[in-house]
Amino acid sequence: MSTVTFWVRPAEALYFGPPRSFFAGEAHHSSSLFPPPPMAFQGMVRTRLLRAVEPPLDLADRSPEARARIANLVGEPDKLPPGWQLEGPLPVVLDHEGALVPWLPAPAFLLGHHNPEPVCEEPVAALEEPLAFDDAAPEGRKVWIGAPQAEHSEPLGGWVSAGNLRWALSKQGRWDPNGFHPALPPFVRYEIRPGLVVMRQSGTAKDQMLYFLRMLHFRPDSGLLGRLTVDGECRVPLNALTHGAGAAGRKGRLVTYHPAPRLHDDWVALRQGSHLPEKVEDGAGCWIVSLGPCEPEAEPLLREQAPGFTLRVLARRLAPPVTLGGLRVDGTQRPARTYAGGGSAFFVEIQGGTPEARAELLKRLHGACVLAQGAARAFGFGQVLCGVPLPLFRSPSHA
């Protein structure tokens, strides 16, 4: 098994468009998706790997033979080779000690805006007027989820540092106000760029064909973190992801590839699941949080990963949806699909097995791409982190 962790640093403003038609005109504005969708990221990665192959390939060759050769190296447009797993992209920035700090979507169970610091929704005793309730919970298994101490609060939204996400999932440490930003991470901003439609024959601009793009401008000490694991034979040089240059987004803007420097301790501990216990009580619950786009119907996908256990999604907090699609590398249209956004959270009850087996199940789910279907998992869709198990409180009427 080979694993490479790499850092993509944008040298220009980037644009990753939503999957809809782009019409120029004086009133036309469009805003880049952030972060880049997993399908766009895998396109960047696979193109970089293909350009490093020796002898060089003609990537403009669309013949059946050329397509088969590329598929043999890096898989088909909608399917990575067996044994490949891509993670990311995660927005990252260097701190003052030279460690790379990932920033993640704030978990949807974090409530804020009206409190000195956010509070986490948890199972609570039944109230006459509960603060939150998910009527999608199975009949007879309803659980009140809320935070009585945060009355009238709303989901925090925005982006949090790895340290703040560790605090939310592990109940360890404390909230850092500097580790939260409400729109984009603090090292990324939107930059409006105008454009004109140019006629090919004359090279002059068309009348009334002005448009504006909101592009992503990264600070020089920031970028996107990725990780590629290959289990089995690999026919491309994986070290190509740690040096050299590539293209990203609309019009192939310049990005450079680097080995990831030391990752921040908070992220290392969180990613390794050091907060997860060695034993989990039967019927305990925990939050499972997506790091990026995921399927909103989590229960069937989680059960698929847990044979011999009973997993029930007792409540869910979905982040704003995102619709993804676009063109494949061969020019055909990829169907548009709507996913729940990064930060979506599912409160899951675990039953069955021994305390040790339940703990092992949590550790196996932690960091895996489980909230996605089929080949999308290998592209990084549906990657999750698990929170520390919590006891459930039920009123007698729902016991």
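Please read all numbers here as calculations on a predicted model, not as lab measurements.
Side-chain atoms of Thr47 do not come within 3.5 Å of backbone N or O of Met44 as any donor-acceptor pair. Remark: side-chain polar atoms of Asn164 are paired, donor with acceptor, to backbone N or O of Asp176 under 3.5 angstrom. The closest donor-acceptor contact from the side chain of Glu87 to the backbone of Gly226 lies at 3.5 Å or more, if one exists at all. In this structure a side-chain-to-backbone donor-acceptor pair under 3.5 Å is missing from Arg253 to Tyr15. Listed for the Glu117 side chain is no donor-acceptor partner under 3.5 Å among the backbone atoms of Trp175. No side-chain donor-acceptor contact under 3.5 Å links Ser170 to the backbone of His275. Using a distance-only test at 3.5 Å, with no hydrogens or angles considered, no donor-acceptor pair links the side chain of Thr323 to the main chain of Thr338. Without hydrogens or angle criteria, Gln42 side chain to Met39 main chain gives a donor-acceptor distance under 3.5 Å. Within the 3.5 Å criterion, the main-chain N or O of Trp267 finds no donor-acceptor partner in the side chain of Arg166. A distance-only check finds a donor-acceptor pair linking the side chain of Trp159 to the backbone of Ala183 [under 3.5 Å].
Residues Phe109 and Val289 meet the side-chain proximity criterion, which asks for heavy atoms closer than 4.5 Å. You'll find the side chain of Val236 reaches within 4.5 Å of the side chain of Val74, heavy atoms only. At least one side-chain heavy atom of Leu324 sits under 4.5 Å from a side-chain heavy atom of Leu33. Pro355 places none of its side-chain heavy atoms less than 4.5 Å from the side chain of Asp282. The shortest side-chain heavy-atom distance between Phe379 and Arg377 does not fall under the 4.5 Å cut-off. Put simply, the side chain of Leu110 does not reach to within 4.5 Å of the side chain of Phe180, judged on heavy atoms. Looking only at side-chain heavy atoms (C-beta outward), Val101 and Val92 stay at 4.5 Å or farther from each other. The closest side-chain heavy-atom distance from Thr242 to Val4 is below 4.5 Å.
In the hydrophobic clustering of ILVMFWY residues, with side-chain heavy atoms under 4.5 Å counting as a link, Leu59 and Leu49 come out together. Hydrophobic cluster membership is shared by Val268 and Leu385, with clusters built from Ile, Leu, Val, Met, Phe, Trp and Tyr side chains linked at under 4.5 angstrom.
Residues Gly98 and Pro261 share a closest heavy-atom pair of O-CB, 4.3 Å. The minimum heavy-atom distance linking Leu238 with Ser2 is given by the pair CD1-CB, 3.8 Å. Nearest heavy atoms, Asp221 versus Arg9: CA-NH2, 4.0 Å. Closest approach of Val255 to Pro10, counting heavy atoms only: CG1-CA, 3.8 Å. For the pair His181 and Trp103, the tightest heavy-atom approach, listed with the atom from each and the gap, is N-CZ3, 3.9 Å. Taking each heavy atom of Arg67 and Arg62 in turn, the nearest pair found is NE-O, 3.1 Å.
One distance of note links CZ of Phe309 with CG of Leu302; it measures 13.0 Å at 0.5 Å rounding. Atom CG of Leu73 is separated from atom CZ of Arg46 by 11.0 Å, given to the nearest 0.5 angstrom. With rounding to the nearest 0.5 angstrom, the CG atom of Leu111 is 8.5 Å from the CZ atom of Arg317. Separating the CG atom in Leu228 from the SG atom in Cys234 is a distance of 7.5 Å, to the nearest 0.5 Å. Rounding to the nearest 0.5 Å gives a distance of 6.0 Å between OG of Ser290 and CZ of Phe346. In this structure, the separation between CG on Leu318 and OG on Ser344 is 5.0 Å, given to the nearest 0.5 Å.
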Quiz item: Given the rule in the salt bridge (charged side-chain N to carboxylate O under 4.0 Å, His left out) test, do Arg316 and Glu297 qualify, once you have shown the distances and angles that lead to the verdict?
Solution: CA-CA 9 Å; Arg316 62 182 182 177; Glu297 297 299 329; 3.1 Å; yes
Self-check item: Test log, rule salt bridge (charged side-chain N to carboxylate O under 4.0 Å, His left out), inputs Glu295 and Arg337
Solution: CA-CA 10 Å; Glu295 295 287 347; Arg337 289 205 56 200; 3.0 Å; yes
Self-check item: Verdict with reasoning, His264 to Ser161, per side-chain contact (heavy atoms from CB on, under 4.5 Å)
Solution: CA-CA 10 Å; His264 195 278; Ser161 66; over 6 Å; no
Practice problem: Apply side-chain contact (heavy atoms from CB on, under 4.5 Å) to Leu213 and Arg250, showing your working. | Solution: CA-CA 11 Å; Leu213 298 181; Arg250 186 174 183 268; 3.4 Å; yes
Self-check item: Test log, rule side-chain contact (heavy atoms from CB on, under 4.5 Å), inputs Phe16 and Ser31
Solution: CA-CA 8 Å; Phe16 299 92; Ser31 183; over 6 Å; no
Exercise. Could you walk me through whether Lys279 and Glu360 pass salt bridge (charged side-chain N to carboxylate O under 4.0 Å, His left out), step by step?
Key: CA-CA 8 Å; Lys279 295 182 180 181; Glu360 184 60 33; over 6 Å; no
Self-check item: From CA spacing to verdict: side-chain contact (heavy atoms from CB on, under 4.5 Å), Leu311, Leu361
Solution: CA-CA 11 Å; Leu311 271 67; Leu361 171 62; 3.8 Å; yes
Exercise. Could you check Gln351 against Arg312 for side-chain hydrogen bond (donor to acceptor under 3.5 Å, both in side chains), going step by step and ending with a plain yes or no?
Key: CA-CA 9 Å; Gln351 292 180 317; Arg312 295 185 175 91; 2.7 Å; yes
Self-check item: CA sep, side-chain torsions, deciding dist, call: Glu65, Arg69, salt bridge (charged side-chain N to carboxylate O under 4.0 Å, His left out)
Solution: CA-CA 6 Å; Glu65 295 78 12; Arg69 187 162 53 249; over 6 Å; no
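The 12-atom threshold is not exceeded at CD of Glu281, counting heavy atoms of other residues, nucleotides or ligands nearer than 6.0 Å. Other residues, nucleotides and ligands place more than 12 heavy atoms under 6.0 Å from the CZ atom of Arg271.
In this pair, Phe34 and Phe218 present their aromatic rings tilted. The plane angle is within the 30 to 60° band. Ring-plane geometry between Tyr257 and Phe6 is classed as tilted, the angle between the planes lying from 30 to 60 degrees on a 0 to 90 degree scale.
Partner Val188 forms a side-chain contact (heavy atoms from CB on, under 4.5 Å) with one of Leu216, Leu14, Val93 and no other, that one being Leu216.
In this structure, Arg214 is positioned above the aromatic face of Tyr190, its NZ or CZ under 6.0 Å from the six-membered ring centre and within 45° of the axis.
With salt bridges taken as basic N to acidic carboxylate O contacts below 4.0 Å, one links Arg235 and Glu233.
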